[in-house]
Amino acid sequence: MKTIVREGKSTEAIVKQFMKEFSLNDRESFTYEILEEGTKGFLIFGRKPTVLKFNVPESTESLKEFVGKFLDKIDVKAKEVKVTTTDKAINVVIVEPDNPGFLIGKDARFLDSFQHILNRRNTVDNVKRIPVILDVDDYRERRTQEILRKANFIISKVKNREKSFAMEAMNSQDRKLVHQLIERDKDLRTLTVGKGEMKKIVIFPAKNFDQLRNKRNTKRDDNRN
């Protein structure tokens, strides 16, 4: 449990400011006690601020409780919620839920949206914590392997036929995996096309991509003239 001390004109004013500071939407996520009652005094003489001590659950405890309450609200039961912390991320895993497909959603949109909520609320002392990675069983690892398998299949087509091919529309996390894979290959280039969250990656032979880029630059120069 983390303790934070704040002072102000009144108890209510301090609580409201505290909730705003840490983006808290309800008072169930923390407790507080009054350390000192404020006094108005006369003019500026004898005036003392009200001092409160807030008790905020540590990140892993708070996240586990929050995820558990969320599952109860959407009527999903799970064997447990595991929370582990590394130097790079806080990993939250929902283990053996009775409706994994619902929690993941199409193209992991529900899972990613819930992960975004966890990251938004994961702030302490006005400093953003390390990222929260939410998973259902080992879905993200399986998804990673599936994306890489599809990318390698398209890569083989691009190299064999020496022409560009587009992958299916993906979210930013999945696209990052593909970009990182192809960055290692000097004979290939990538281009992201589309609007919104879901975009496609077009994979080019390097020589074709360079020719396309040169044509675009030439056309742009002609338009300027």
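All heavy atoms count here, side chains included; hydrogens, waters and symmetry mates do not. In this chain, residues are counted from 1 in sequence order.
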A.B. asks: Could you grab the distance from atom NZ of K207 to atom CD of E162, nearest 0.5 Å is fine?
C.D. replies: 4.0 Å
A.B. asks: Would you give the length of the straight line joining atom CZ of R6 to atom CZ of F18, rounded to the nearest 0.5 angstrom?
C.D. replies: 7.0 Å
A.B. asks: Would a single hydrophobic cluster contain both F70 and I117, if residues Ile, Leu, Val, Met, Phe, Trp and Tyr are joined by side-chain heavy-atom contacts under 4.5 Å?
C.D. replies: yes
A.B. asks: What's the spacing between E36 CD and L52 CG if we round to 0.5 Å?
C.D. replies: 10.5 Å
A.B. asks: Would you call R142-E146 a salt bridge at under 4.0 Å N-O?
C.D. replies: no
A.B. asks: May I ask you to say whether R140 pairs ionically with D112, meaning some side-chain N is under 4.0 Å from a carboxylate O?
C.D. replies: yes
A.B. asks: Only one of R175, H179, K199 passes side-chain hydrogen bond (donor to acceptor under 3.5 Å, both in side chains) with T192; say which it is.
C.D. replies: H179
A.B. asks: For side-chain contact (heavy atoms from CB on, under 4.5 Å), just list the numbers for N171 and D107, CA-CA rounded to whole Å, side-chain angles, deciding distance to a tenth of an Å, and then say yes or no.
C.D. replies: CA-CA 8 Å; N171 61 33; D107 298 318; 5.6 Å; no
A.B. asks: Could you list the residues that satisfy side-chain contact (heavy atoms from CB on, under 4.5 Å) with I182, not counting sequence neighbours?
C.D. replies: I155, V178, L188, T190, I203
A.B. asks: Short question: side chain of N91, backbone of I133 - any donor-acceptor pair under 3.5 Å?
C.D. replies: no
A.B. asks: List the atom of K64, the atom of V81, and the distance in Å for their closest heavy-atom pair.
C.D. replies: CE-O, 3.0 Å
A.B. asks: When rounded to the nearest 0.5 angstrom, what is the spacing between CD in E12 and OG1 in T50?
C.D. replies: 11.5 Å
A.B. asks: About how many Å separate OG1 of T3 and CZ of F54, when rounded to the nearest 0.5 Å?
C.D. replies: 11.5 Å
A.B. asks: Could you walk me through whether K77 and L71 pass the side-chain contact (heavy atoms from CB on, under 4.5 Å) test, one step at a time?
C.D. replies: CA-CA 7 Å; K77 294 179 174 57; L71 294 179; over 6 Å; no
A.B. asks: Salt bridge (Lys or Arg N to Asp or Glu O under 4.0 Å) between K159 and D187: does it pass, once the steps are laid out?
C.D. replies: CA-CA 9 Å; K159 290 185 174 181; D187 296 325; 5.1 Å; no
A.B. asks: Using every non-hydrogen atom in the two residues, find where S164 and P205 come nearest and quote the distance to one decimal.
C.D. replies: N-CD, 4.0 Å
A.B. asks: Could you state whether I104 and I147 fall into the same hydrophobic cluster, counting links through intermediate Ile, Leu, Val, Met, Phe, Trp or Tyr residues with side-chain heavy atoms under 4.5 angstrom apart?
C.D. replies: no
A.B. asks: Quick one: closest heavy-atom pair of P131 and K88, and the distance?
C.D. replies: CD-O, 3.4 Å
A.B. asks: Using 0.5 Å steps for rounding, measure from the CG atom of L148 to the CG atom of L181.
C.D. replies: 6.0 Å
A.B. asks: If only atom types and distance count, is the side chain of Q115 paired as donor or acceptor with the main-chain N or O of L134 below 3.5 Å?
C.D. replies: yes
A.B. asks: Is it the case that the side chain of D135 and the backbone of V93 share a donor-acceptor pair, with hydrogens and angles ignored and the cut-off at 3.5 Å?
C.D. replies: no
A.B. asks: Would a single hydrophobic cluster contain both L177 and V202, if residues Ile, Leu, Val, Met, Phe, Trp and Tyr are joined by side-chain heavy-atom contacts under 4.5 Å?
C.D. replies: no
A.B. asks: When clusters are formed by joining ILVMFWY residues with side-chain heavy atoms under 4.5 Å apart, either directly or through shared neighbours, do Y139 and M170 land in the same one?
C.D. replies: no
A.B. asks: With a 4.5 Å cut-off on side-chain heavy-atom distances among I, L, V, M, F, W and Y, is there a chain of contacts connecting I74 to V67?
C.D. replies: yes
A.B. asks: Which heavy atom in E168 sits nearest to a heavy atom in R143, and how many Å separate them?
C.D. replies: OE2-NH2, 4.4 Å
A.B. asks: Please answer whether the main-chain N or O of F204 pairs with a side-chain N or O of R189 as donor and acceptor at a distance below 3.5 Å.
C.D. replies: no
A.B. asks: Looking only at heavy atoms, which two atoms of K186 and A206 are closest? And how far apart?
C.D. replies: O-CB, 3.7 Å
A.B. asks: Any carboxylate oxygen within less than 4.0 angstrom of a Lys/Arg side-chain nitrogen, looking at R109 and E197?
C.D. replies: no
A.B. asks: Can L111 and L103 be said to form a side-chain contact (heavy atoms from CB on, under 4.5 Å), step by step?
C.D. replies: CA-CA 6 Å; L111 186 65; L103 280 178; 5.7 Å; no
A.B. asks: Taking C-beta and beyond as the side chain, do P100 and I94 meet within less than 4.5 Å on heavy atoms?
C.D. replies: no
A.B. asks: Search all heavy atoms of G8 against all heavy atoms of I14 and return the closest pair with its distance.
C.D. replies: N-CD1, 3.2 Å
A.B. asks: Hey, is CG on D72 packed in by over 12 heavy atoms from elsewhere, all under 6.0 Å?
C.D. replies: yes
A.B. asks: Determine, stepwise, if the pair I154 / V158 fulfils side-chain contact (heavy atoms from CB on, under 4.5 Å).
C.D. replies: CA-CA 6 Å; I154 297 296; V158 171; 4.1 Å; yes
